[in-house]
Amino acid sequence: MNSNEELVNHLVSNGSLKTKEIISAFLKVDRKDFCVNEYKKLAYVDQPLPILAGQTISQPTTVAIMTEALQPHKGDKVLEIGTGSGYQAAILAEIVKPGKVYTIERIKELVEFAKKNLRNYKNVEVIHGDGSEGLKEKAPFDCIIVTACAPKIPEVLVDQLSFGGRMVIPVGEKEHLQRLMLIIKKKNIEKIDLGPFVFVPLIGKYGFKE
Ligand code: SAM
């Protein structure tokens, strides 16, 4: 694939992108703008790519599946945990504007990288910190997306969801046996298993130890 449009067409034809508003956000956000220079030539290939500090920009199919499961809407307030390159945050920002995206990253070098990549997005705030604790002062959130794997669903994040709010989070052991979970906060907490995935670990108070 040689263009962002071809990548998006591939995500539609493999069934991971379905919703009109989400497809148009993927078309507006060029993945190349979020890759480091040495990997820009692979930006439109459907695979995760190294960024800085040993971390990755997620595989486009995974970003598409997570965004579709989350079902963000115009005006929503969103929390992302694991900013990385800022690619997922940019897609969320396009969908929810004028709603706001708060995104937390624990590695300072990536906070700076993402801030640079997201400089044109006025409705995204990049925060340096341990996202496993959420962002209590801005809660409740309509959507929470965790882009690193937690050992179990952190209760503190479920508490920060609004009623009817949705959270997508990979849960399991480091490097294997991970399940991507959709949590919907209703009268009861609904948990839907979206299948097996592999993510880098969520490191922090309610994640794995460093
Ligand atoms: N969403 C990113 C993107 O679009 O490029 C990809 C994220 S990468 C797969 C996962 C990120 O989670 C890494 O950048 C990692 O440093 C970060 N991370 C891990 N534990 C974290 C924590 N407790 N708080 C915030 N970020 C964390």
Side-chain angles (χ1 to χ4, degrees), residues 4 7 11 16 22 25-26 28-36 39-40 42-70 72 78-95 101-118 121 124-136 138 141 143-154 156-157 160 167-175 178 180 197-210:
N4 200 56
L7 173 62
L11 298 174
S16 50
I22 300 178
F26 270 78
K28 278 190 198 141
V29 180
D30 192 331
R31 189 170 187 249
K32 196 175 186 175
D33 296 339
F34 296 83
C35 294
V36 289
Y39 287 101
K40 281 193 192 291
L42 295 176
Y44 309 125
V45 177
D46 191 11
Q47 64 179 52
L49 295 172
I51 42 174
L52 303 171
Q55 301 300 320
T56 52
I57 176 171
S58 304
Q59 181 176 357
T61 288
T62 304
V63 180
I65 291 170
M66 291 179 87
T67 311
E68 286 283 352
L70 198 64
V78 180
L79 175 65
E80 182 194 24
I81 298 160
T83 315
S85 67
Y87 176 61
Q88 173 79 75
I91 287 168
L92 293 167
E94 287 288 354
I95 299 166
V101 178
Y102 295 91
T103 179
I104 310 181
E105 172 56 56
R106 64 179 282 272
I107 299 174
K108 191 81 176 91
E109 193 183 1
L110 286 172
V111 170
E112 298 313 322
F113 181 58
K115 277 188 177 168
K116 183 167 78 60
N117 296 340
L118 291 163
Y121 288 84
V124 181
E125 193 174 321
V126 184
I127 298 158
H128 182 217
D130 175 9
S132 75
E133 298 181 60
L135 192 62
K136 206 172 165 196
K138 300 292 181 190
F141 298 97
C143 303
I144 300 180
I145 179 167
V146 186
T147 66
C149 177
K152 60 188 179 99
I153 299 165
V156 67
L157 298 184
Q160 292 179 29
M167 171 161 70
V168 180
I169 177 167
V171 180
E173 293 172 31
K174 283 190 206 175
E175 263 121 59
Q178 302 177 0
L180 184 61
F197 285 81
V198 180
F199 283 83
V200 296
L202 180 77
I203 296 170
K205 187 169 173 191
Y206 299 106
F208 293 96
K209 303 276 161 281
E210 205 164 343

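Order of appearance sets the numbers: ligands from 1, and atoms from 1 within every ligand.
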Checklist entry - Are Thr67 and Gln88 close enough that a side-chain donor and a side-chain acceptor fall under 3.5 Å? => result yes
How far is [atom] from its nearest protein heavy atom, and which residue and atom name does that atom have?
atom                    : value
atom 8 (S) of ligand 1  : Thr56 O, 3.2 Å
atom 24 (N) of ligand 1 : Gly131 N, 2.8 Å
atom 4 (O) of ligand 1  : Gln88 N, 3.0 Å
atom 23 (N) of ligand 1 : Ile203 O, 2.6 Å
atom 5 (O) of ligand 1  : Ser85 OG, 2.6 Å
atom 12 (O) of ligand 1 : Gly82 CA, 3.2 Å
atom 7 (C) of ligand 1  : Thr147 OG1, 3.3 Å

Checklist outcome for this item: Tightest non-hydrogen contact, residues Lys174 and Pro201, listed as CG-CB, 4.0 Å
May I ask you to list the atoms of ligand 1 that are less than 4.0 angstrom from any heavy atom of [X]?
X      : answer
Gly129 : 24 (N), 25 (C)
Ile107 : 16 (O)
Ser58  : 6 (C), 9 (C)
Glu80  : 1 (N)

Checklist entry - Is the backbone of Asn117 close enough, under 3.5 Å, to the side chain of Asp33 for a donor and an acceptor to pair up by distance? => result no
Next on the checklist: I'd like to check the ring pair (Phe, Tyr, Trp, His ring centres under 6.0 Å) partners of Phe141; sequence neighbours left out, ordered by chain and number.
Outcome noted: none
Checklist entry - When rounded to the nearest 0.5 angstrom, what distance separates CD in Gln55 from CG in Leu110? => result 6.5 Å
Mind checking whether [X] and [Y] have side chains closer than 4.5 Å, heavy atoms only?
X      : Y      : value
Ile81  : Leu157 : yes
Val29  : Tyr121 : yes
Phe113 : Val36  : yes
Glu80  : Thr147 : yes

Side chain, backbone, both or neither: [X] near ligand 1, heavy atoms under 4.0 Å:
X      : answer
Gln55  : side chain
Pro201 : backbone
Leu110 : side chain
Leu202 : both

Next on the checklist: For Tyr39, I'd like to know if atom OH has over 12 heavy atoms of other residues, nucleotides or ligands within 6.0 Å.
Outcome noted: no
List the atom pairs, donor and acceptor, that lie under 3.5 Å between side-chain atoms in residues 127-136 and the rest of the protein, sequence neighbours left out.
from: His128; atom 1: NE2; to: Arg106; atom 2: O; distance (Å): 3.0
from: Asp130; atom 1: OD1; to: Ser132; atom 2: N; distance (Å): 2.9
from: Asp130; atom 1: OD1; to: Ser132; atom 2: OG; distance (Å): 2.8
from: Asp130; atom 1: OD2; to: Ser132; atom 2: OG; distance (Å): 3.2
from: Asp130; atom 1: OD2; to: Lys205; atom 2: N; distance (Å): 2.8
from: Ser132; atom 1: OG; to: Lys205; atom 2: N; distance (Å): 3.3
from: Ser132; atom 1: OG; to: Tyr206; atom 2: N; distance (Å): 2.9

Checklist entry - Among Val198, Ile57, Thr83, which residue places a heavy atom closest to atom 2 (C) of ligand 1? => result Thr83
Checklist entry - For atom 16 (O) of ligand 1, which candidate among Glu105, Lys205, Arg106 holds the nearest heavy atom? => result Glu105
Next on the checklist: Check for me whether Ser132 has a heavy atom closer than 4.0 Å to any atom of ligand 1.
Outcome noted: yes
